[in-house]
Protein chains: 2
Amino acid sequence: MGTTQLESVPEPKYWHLKTVLTEALDSEFSVGEILPNERDLAARFGVARATLRQALEQLELEGRLQRRRGVGTTVAPPRVGVAVGTDPHAWPGAPGDAWRPVDCTVALPPGAVADLLETGRDERVHTVRRSRVTHGRPVAADLLYVPDASVPDLSAIDAASGAARARAVLRELQRLELEGQDQAVELGSASAEDAKELDRLPGAPVLVVTTRYYAEDRTAAVSVATYRADTCRLTFGDAGDVEIHHDPERRAS
Amino acid sequence: MGTTQLESVPEPKYWHLKTVLTEALDSEFSVGEILPNERDLAARFGVARATLRQALEQLELEGRLQRRRGVGTTVAPPRVGVAVGTDPHAWPGAPGDAWRPVDCTVALPPGAVADLLETGRDERVHTVRRSRVTHGRPVAADLLYVPDASVPDLSAIDAASGAARARAVLRELQRLELEGQDQAVELGSASAEDAKELDRLPGAPVLVVTTRYYAEDRTAAVSVATYRADTCRLTFGDAGDVEIHHDPERRAS
DNA sequence: AAGTGGTCTAGACCACATC
DNA sequence: ATGTGGTCTAGACCACTTA
């Protein structure tokens, strides 16, 4: 027979498709270039559109593609390095931090946050919404939870509203002496609210960074920041802006 | 008319399904319990199986469910906190680290790694495979890339093979004075090789932690560790084992 | 209005684990 | 042999952007 190799472990079509597309992206496309639409691509590869989409979804997850409804699929730029754990001795809102306060409300935090703060599950806390922009693009949305016990002077806060109120909470928080912080990173999916802020669809993959701020021997504040997983590489330490390239010239010897 | 509210922004079915299932998981199911199979669930909710699966996929991504082919879908335990950035002054393989050396080969590293090491793209390096296990479950697979320039005594390495050779490379590496390290976290998908190690299917979402080790004023080694994104919460700082709970008792007042 | 990606359906078959 | 989740198909319609 003419078959040279029996496919003992048949690779799924979408997996093979992904490999082929990855190689094509490395060699034949440049950043920002638009791909043919899904129907054409599927036809070209001789697969159903759903199968093609399975491959595209993975490539988008890996940050190689960007898809926008009504527009098309483009080759994504390399992920941007976003510094996350730079200074363990600075409060949020300290001079030079990357966040822009948006507004502030008093609301019931998620149960998991209430547990970290050791407030009761029915205790409302100051909730500061912040937004982070890099290279002109929104990369993260953040909610900072601050219990009453962590803001010495309430009157300065209640006098303001909107972004001014958010800044007031941060200012009051900075009066405490920060004793330390720790962080955790996990995978999540964007809530409808975060999605809007990040210019993505709800459910889009995000990296959730939870930071606990310690002061006065307790957890004085908790921040939950959601970063776009498709476009961000979170950096810890001092290598913030090192670029990681996809092999533009893979020529194995 | 009897309609109380015009659905001005019709929520996708799978999104609503996910919400319903999340609430059910919080209130009616306990960890390890098996759900009805996908065909039954789809019928019960009156949707196509593909739509039901879209909801299940998201819940698995969020670490709420675990699905195994041939077995079924079970309620996942809370993610385990895995310490990642504990000691910035310790080499890999130092006493007490969480990794088990598996084997070691000499191979051409990925182009991105070669760039970090500042070796040529056609230069082969020692490649140590390691594996990390927590609570009896594999949580991460790792490749440590070490150029010849970072191992003073090659003869001690070439004499061994397998895990012994891996340990020899780590031992030689520890003779250098570590000047610092930095890390980056990003989302990826498991290669076929990693998938096997992690007991997942290829393409499964993983958190990729890239660590650069500095010594002698250069990058002396690079580690690329892939953690199961569904089961792991990466912790930085000293809050390793704090548990995060899903609200088991959400009773809003 | 036309073209894009996003959602959804109702099937089919396959790979795998278990009995 | 049976039952599970994983892959795949060939359609349909919807939401959104752009012209």
Side-chain angles (χ1 to χ4, degrees), chain A residues 6-19 21 33-61 64-76 189-190 192 195-196 199-205 230, chain B residues 6-19 21 33-61 64-76 189-190 192 195-196 199-205 230:
Chain A
L6 194 64
E7 190 90 55
S8 60
V9 179
E11 209 172 36
K13 280 190 186 179
Y14 78 91
W15 186 259
H16 180 243
L17 211 45
K18 188 188 127 182
T19 308
L21 286 170
E33 203 167 337
I34 61 177
L35 269 61
N37 72 53
E38 297 183 350
R39 289 160 180 88
D40 285 354
L41 273 181
R44 182 174 313 189
F45 287 109
V47 300
R49 191 178 156 218
T51 304
L52 186 267
R53 276 179 62 80
Q54 214 174 335
L56 294 186
E57 262 150 38
Q58 283 230 2
L59 289 171
E60 191 177 28
L61 199 80
R64 301 300 309 267
L65 293 180
Q66 188 161 349
R67 299 192 289 172
R68 271 174 305 170
R69 167 155 47 179
V71 179
T73 301
T74 59
V75 180
S189 48
K196 187 180 293 184
D199 191 24
R200 299 254 53 199
L201 288 180
D230 56 343
Chain B
L6 195 65
E7 189 91 53
S8 59
V9 180
E11 209 172 37
K13 280 190 185 177
Y14 78 91
W15 186 260
H16 181 241
L17 257 183
K18 190 188 124 180
T19 308
L21 286 171
E33 202 166 339
I34 60 177
L35 270 61
N37 71 53
E38 297 184 349
R39 289 157 180 90
D40 284 354
L41 273 180
R44 183 176 311 189
F45 287 109
V47 299
R49 189 176 156 219
T51 304
L52 187 265
R53 276 179 62 81
Q54 214 174 335
L56 294 186
E57 262 150 38
Q58 284 230 1
L59 289 172
E60 192 177 27
L61 199 80
R64 303 297 311 264
L65 291 180
Q66 190 162 348
R67 299 191 291 171
R68 272 174 305 172
R69 168 155 48 182
V71 179
T73 301
T74 58
V75 180
S189 48
K196 188 180 292 183
D199 192 26
R200 299 254 54 198
L201 289 181
D230 56 343

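Order of the sequence lines sets the chain letters (A, B, ...), proteins ahead of strands, with each chain counted from 1.
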If every non-hydrogen atom of B:G203 is compared with every non-hydrogen atom of B:S189, which pair is closest and at what distance? O-CB, 3.3 Å

Rounded to whole Å, CG of A:L59 lies from C1' of C:dG5 at a distance of 16 Å

Non-neighbouring partners of B:K13 that pass side chain to side chain donor-acceptor pair (under 3.5 Å), sequence neighbours left out: none

Measure from CG on A:L56 to P on C:dT4 and round the result to the nearest Å. 14 Å

Nearest heavy atoms of B:D230 and B:R200, plus distance in Å: OD2-NH1, 3.0 Å

Does A:R39 get its side chain close enough to the base of C:dG3, under 3.5 Å, for a donor-acceptor pair? no

What side-chain donor-acceptor pairs closer than 3.5 Å can you find for residues 48-56 of chain B, not counting sequence neighbours?
unit_1	atom_1	unit_2	atom_2	d
B:R49	NE	B:E38	OE1	3.0
B:R49	NH2	B:E38	OE1	3.1
B:R53	NH1	B:E38	OE1	3.2
B:R53	NH1	B:E38	OE2	3.1

In whole angstrom, what separates B:E60's CD from D:dG5's P? 11 Å

Does a nitrogen or oxygen in the side chain of B:N37 sit under 4.0 Å from OP1 or OP2 of D:dT4? yes

Atom CZ of A:R200 and atom P of C:dG5: how far apart are they, to the nearest Å? 13 Å

CG of A:L41 versus P of C:dG3: gap in Å, rounded? 17 Å

Can you name the residues that form a side chain to side chain donor-acceptor pair (under 3.5 Å) with A:E57, not counting sequence neighbours? none

Results of side chain to side chain donor-acceptor pair (under 3.5 Å) for A:Q66 - residues two or more places apart only: none

Between atom CG in B:L35 and atom P in D:dG5, what is the gap in whole Å? 9 Å

I need the CD-P distance between A:Q66 and D:dT17, as an integer number of Å. 14 Å

Round to the nearest Å and state the distance from B:E38 atom CD to D:dG6 atom C1'. 8 Å

N/O contacts under 3.5 Å, protein versus nucleotides 7-10 of chain C?
unit_1	atom_1	unit_2	atom_2	d
C:dT7	OP1	B:Y14	OH	2.9
C:dC8	OP1	B:K13	N	2.2
C:dC8	OP2	B:Y14	N	3.2
C:dT9	OP1	B:K13	NZ	2.9
C:dT9	OP2	B:A48	N	2.8
C:dT9	OP2	B:T51	OG1	2.5

Looking at C:dG5, I'd like to know if its phosphate oxygens (OP1 or OP2) sit under 4.0 Å from a side-chain N or O belonging to A:T73. yes

Residue set satisfying side chain to side chain donor-acceptor pair (under 3.5 Å) with A:T73, at least two apart, ordered chain then number -> none

